[in-house]
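Let me begin by presenting the structure, written as structure tokens, before commenting on it.
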Amino acid sequence: MPMAKIFHYCPLMIPPMFPFSKTLFFLLFYTLSIIPPHLCQHPLDPLTPEEITLVQTIVHSSYPNSTHILTFQYVGLEEPPKPTVLSWIRNPSRKNLHRQSFVIARIDQTTHEIIVDLSLRRIISDQVYNGYGYPLFTFEEQIAANQLPFQYAPFLESINKRGLKIEEVVCGSFSVGWFGEKKRSKRIVKVMCYYLDGTINLYMRPIEAISLIVDLEDMKIIDFKDRLTVPVPKAEGTDFRGSMQTPPFGPLLNGITVAQPHGPSFSIDGHKIRWANWDFHLSFDARAGPVISLASIFDVEKHKFRQVLYKGFVSELFVPYMDLTEEWYYRTFFDAGEYGYGLSAVPLEPLRDCPENAYFMDAYFASQNGMPVQMPNIFCIFERFSGDIMWRHTETLIPGNVVREVRPEVSLVVRMVSTVGNYDYINDWEFKQSGSIKVTVGLTGLLEVRGSIYTHKDQIEEEVFGTLLAENTMGAHHDHFLTYYLDVDVDGYANSFVKSRMQMTPVTDDKLPRKSYWRVVSETAKTESDARIKLGLDQADLLVVNPNKRTHIGNFIGYRLIPGSTTSPLLSHNDYPQIRGAFTNYNVWVTPYNKSEKWAGGLYADQSRGDNTLATWGLRNRIIENRDIVLWYTVGFHHVPCQEDFPVMPALSSGFELRPTNFFERNPVLKFRPPQSVQWPNCSANR
């Protein structure tokens with residue numbers, strides 16, 4: 001692992017002319033060592049293990065275990081107001097901000113929203129939530145629910161009836177969604193089971209048509225069904241471990257190394273990262289995963305850092321399956337709001353998940369009992385130098401003189417992988433020297449498959465809701481929609497959203513040989529309804545501009561949203577999963593900044609009814625012109641499984657880019673120097 005420049009300190013004001021000595025050095029060192037951690041922290045730093053423990057202590061003091069049943073469903077940072085944070089950034093030494101935590105707890109089967117002031121060491125707000133929906137599942141309650149079938153006689157009888165070994169059975173918990181029920185349901189999950197016996201790839205061997213419903217509060221089975229017997233798919237050919245593969249193998253590549261003999265070019269100060277011309281803050285949230293904040297870029301012409309992005313993160317991940325059978329129709333998951341996109345993060349493996357020049361960071365979350373749990377190697381940060389070109393030109397028109405200038409592309413990547421059940425999501429935030437922020441998500445891992453009676457496609461004469469991948473193995477059609485929260489502050493917080501269309505314009509002047517051209521027709525969105533956009537065949541240019549600032553030649557300063565592949569939902573708007581996931585009805589939304597509007601699917605996603613989502617907030621049709629605005633963008637995938645996805649799926653990626661547009665006076669990397677070259681041995685390929 002490379003040794004990045006790592007700093008952890010509290011800024012102390014030292015008079016410029018104060019004589020510095022060894023005595024003063026040790027005095028300062030001792031002073032720093034005894035300063036309480038919360039006085040040293042950036043206001044957007046995630047909670048430390050000590051702070052999580054303090055939260056638990058404070059909440060338990062009000063709700064002792066002796067008289068209350070208490071579980072911590074979510075513990076995170078209660079951020080200061082945005083103006084307060086920006087004021088602190090401008091003058092961090094002026095005063096220390098109170099550190100606070102936002103807690104969602106289940107207390108005696110009731111949901112509480114609690115704010116704990118860590119500086120005052122007390123609860124300052126405690127509200128009971130009585131609306132629809134429930135908070136995140138905890139690992140502990142899922143594990144407990146998954147074990148219940150093994151002490152349930154009807155389930156054991158069904159396994160025995162199929163001739164399966166109970167010691168080879170494993171089970172998983174699934175959220176149940178909402179399908180128009182008027183009465184509020186209990187906190188429940190459905191439990192489905194799988195069979196190992198010769199493979200580690202449990203998802204390829206579902207035990208179909210057996211389902212159990214578990215009450216999470218009482219932790220007991222309240223319903224059981226065994227509808228029919230379906231063949232369990234074979235184990236042969238499903239194991240994805242390298243050690244279990246047999247010849248023939250693919251061709252072996254020669255070794256590839258990434259070397260930085262002078263060390264990395266980035267520095268890390270707590271959670272603040274500085275690289276090249278970028279400065280930003282990286283945090284962790286149990287629900288969102290990586291949170292990028294306060295991203296600013298240094299303008300070498302203006303000699304100052306300029307704001308680009310106040311905050312960005314995955315707000316929700318909506319995964320509806322299209323299989324309508326009894327054990328599948330309800331599989332319409334909200335992976336961030338139900339399971340926790342951050343909670344599902346997994347340790348990254350050096351040299352596999354991240355290159356050898358990567359630096360790794362840990363994260364912490366609160367367990368169900370409120371105690372901190374360390375998550376090692378959750379983030380990796382590395383400089384990418386993969387042979388791409390940042391800019392180049394070869395000039396050949398000058399007689400007797402060929403001019404060639406090339407600049408290689410070097411970027412900084414922040415990566416996290418979230419494994420939500422069967423799927424692994426590779427999340428990259430890539431910062432480019434040109435000023436772009438490229439956001440990518442890669443889908444890999446294992447498919448959810450349904451056991452089937454079919455062994456060949458020609459046997460199928462009915463709707464099967466998927467693709468036959470192997471004998472008795474049906475890969476279900478499904479979607480993935482990742483909605484990103486992007487609080488873009490382009491050179492300041494007062495911004496506007498501009499949609500520009502490329503419009504074909506006929507030529508009316510008969511003297512011209514051309515019959516048409518295209519021109520740009522721009523419209524500034526005044527209210528939220530003006531900024532709802534379904535991307536498709538129309539060519540659109542989407543910009544966030546600062547209407548109060550212009551370049552020297554008069555263009556509004558801005559950043560452009562460049563979408564990747566565009567996908568929209570195909571479910572009807574009155575279908576219950578789509579009512580809950582209505583925030584995916586448009587690829588782009590723009591809302592005025594509101595500290596409470598963070599989660600596109602609502603704060604309580606489990607069994608939600610779509611009554612408090614991005615789609616409902618936008619109905620207020622608030623003014624967004626020349627305001628502090630938030631851009632929401634949804635990356636979508638329609639997944640029709642194919643045999644290449646079996647038994648493990650090669651990564652499929654998409655994303656978007658935030659790219660400067662008239663933000664700089666000219667090409668910001670014109671004067672950038674390429675990285676110091678490494679002298680490699682002369683290796684000529686045989687021809």
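For the single chain, residues carry numbers from 1 onward in sequence order.
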[X] side chain near [Y] side chain, heavy-atom distance below 4.5 Å:
X: Arg162; Y: Asp226; value: yes
X: Pro149; Y: Val191; value: yes
X: Leu148; Y: Leu212; value: no

Suppose we screen for salt bridge (charged side-chain N to carboxylate O under 4.0 Å, His left out). Which residues come up paired with [X], at least two apart in sequence or across chains?
X: Glu326; answer: Lys225
X: Arg184; answer: none
X: Glu181; answer: none
X: Glu430; answer: Arg384

At their closest point, which heavy atom of [X] faces which heavy atom of [Y], and how far apart are they?
X: Ser654; Y: Ser565; answer: OG-OG, 3.0 Å
X: Ile579; Y: Asn574; answer: CD1-O, 3.8 Å
X: Glu316; Y: Asp335; answer: OE2-N, 3.6 Å
X: Gln73; Y: Leu136; answer: NE2-O, 2.7 Å

Margin query: I want to know whether Tyr194 and Tyr203 have ring centres closer than 6.0 Å.
Written below: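 Yes - the distance between ring centres of Tyr194 and Tyr203 falls below the 6.0 Å cut-off.
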Checking ring pair (Phe, Tyr, Trp, His ring centres under 6.0 Å) between [X] and each of [options], which is the one that passes?
X: Trp632; options: Tyr586, Trp589, Tyr485; result: Tyr485
X: Phe137; options: Phe174, Phe334, Tyr339, Phe333; result: Tyr339
X: Trp599; options: Phe318, Tyr604, Phe583, Phe313; result: Phe313

Next item on the list: Determine the sole option in Asn146, Ile221, Ile188 for which the side chain to side chain contact (heavy atoms under 4.5 Å, CB included) test with Val214 is passed.
Entry: Ile221
Note to self: Tell me every residue that passes side-chain hydrogen bond (donor to acceptor under 3.5 Å, both in side chains) with Thr473, counting only those two or more places apart in sequence or in another chain.
What the structure shows: none
Checklist line | Pairing residues for Asp285 by the side-chain hydrogen bond (donor to acceptor under 3.5 Å, both in side chains) criterion, not counting sequence neighbours | finding: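 With sequence neighbours excluded, Asp285 shows a side-chain hydrogen bond (donor to acceptor under 3.5 Å, both in side chains) to Tyr74, given in chain and number order.
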Note to self: Under a 3.5 Å threshold, yes or no: a donor from one side chain and an acceptor from the other, between Gln578 and Thr584?
What the structure shows: yes
Check: Is there a donor in the side chain of Asn587 and an acceptor in the side chain of Thr634, or the other way round, less than 3.5 Å apart?
Finding: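 Note: Asn587 and Thr634 side chains miss the donor-acceptor criterion.
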Next item on the list: Hey, can you tell me if Phe150 and Phe155 have their rings parallel, tilted or perpendicular (30° and 60° cut-offs)?
Entry: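 Rings of Phe150 and Phe155: perpendicular, as their planes differ by over 60°.
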Mark yes when over 12 heavy atoms from residues, nucleotides or ligands other than [X] sit less than 6.0 Å from its [atom1]; otherwise mark no.
X: Leu324; atom1: CG; result: yes
X: Glu461; atom1: CD; result: no
X: Ile69; atom1: CD1; result: no
X: Glu157; atom1: CD; result: no

Margin query: Listing request: all salt bridge (charged side-chain N to carboxylate O under 4.0 Å, His left out) pairs with a residue in residues 631-647, at least two apart in sequence or in separate chains.
Written below: none
Check: salt bridge (charged side-chain N to carboxylate O under 4.0 Å, His left out): which pairs involve residues 231-252, sequence neighbours left out?
Finding: Lys234-Glu471, Asp239-Arg241
By ring pair (Phe, Tyr, Trp, His ring centres under 6.0 Å), which residues pair with [X], not counting sequence neighbours?
X: Phe465; result: none
X: Tyr423; result: Tyr425, His478, His480
X: Phe481; result: none

May I have the list of side-chain donor-acceptor pairs in residues 438-449 shorter than 3.5 Å, sequence neighbours left out?
| residue | atom | partner | partner atom | Å |
| --- | --- | --- | --- | --- |
| Thr444 | OG1 | Met649 | O | 2.5 |
| Glu448 | OE1 | Arg331 | NH1 | 3.2 |

Does [X] use its side chain to pair, donor to acceptor, with the backbone of [Y] at less than 3.5 Å?
X: Asp362; Y: Asn377; result: yes
X: Gln459; Y: Thr455; result: yes
X: Ser315; Y: Ala600; result: yes

Item checked: SB check Glu327 Arg450 (cutoff 4.0 Å) ->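 Salt bridge flag = no for Arg450 with Glu327.
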Next item on the list: May I ask you to check if Arg580 and Trp178 form a cation-pi contact, with NZ or CZ under 6.0 angstrom from the six-membered ring centre and within 45° of the axis?
Entry: no
Margin query: Let me confirm one number: the CZ-OG1 distance from Phe365 to Thr138, rounded to the nearest 0.5 Å.
Written below: 9.5 Å
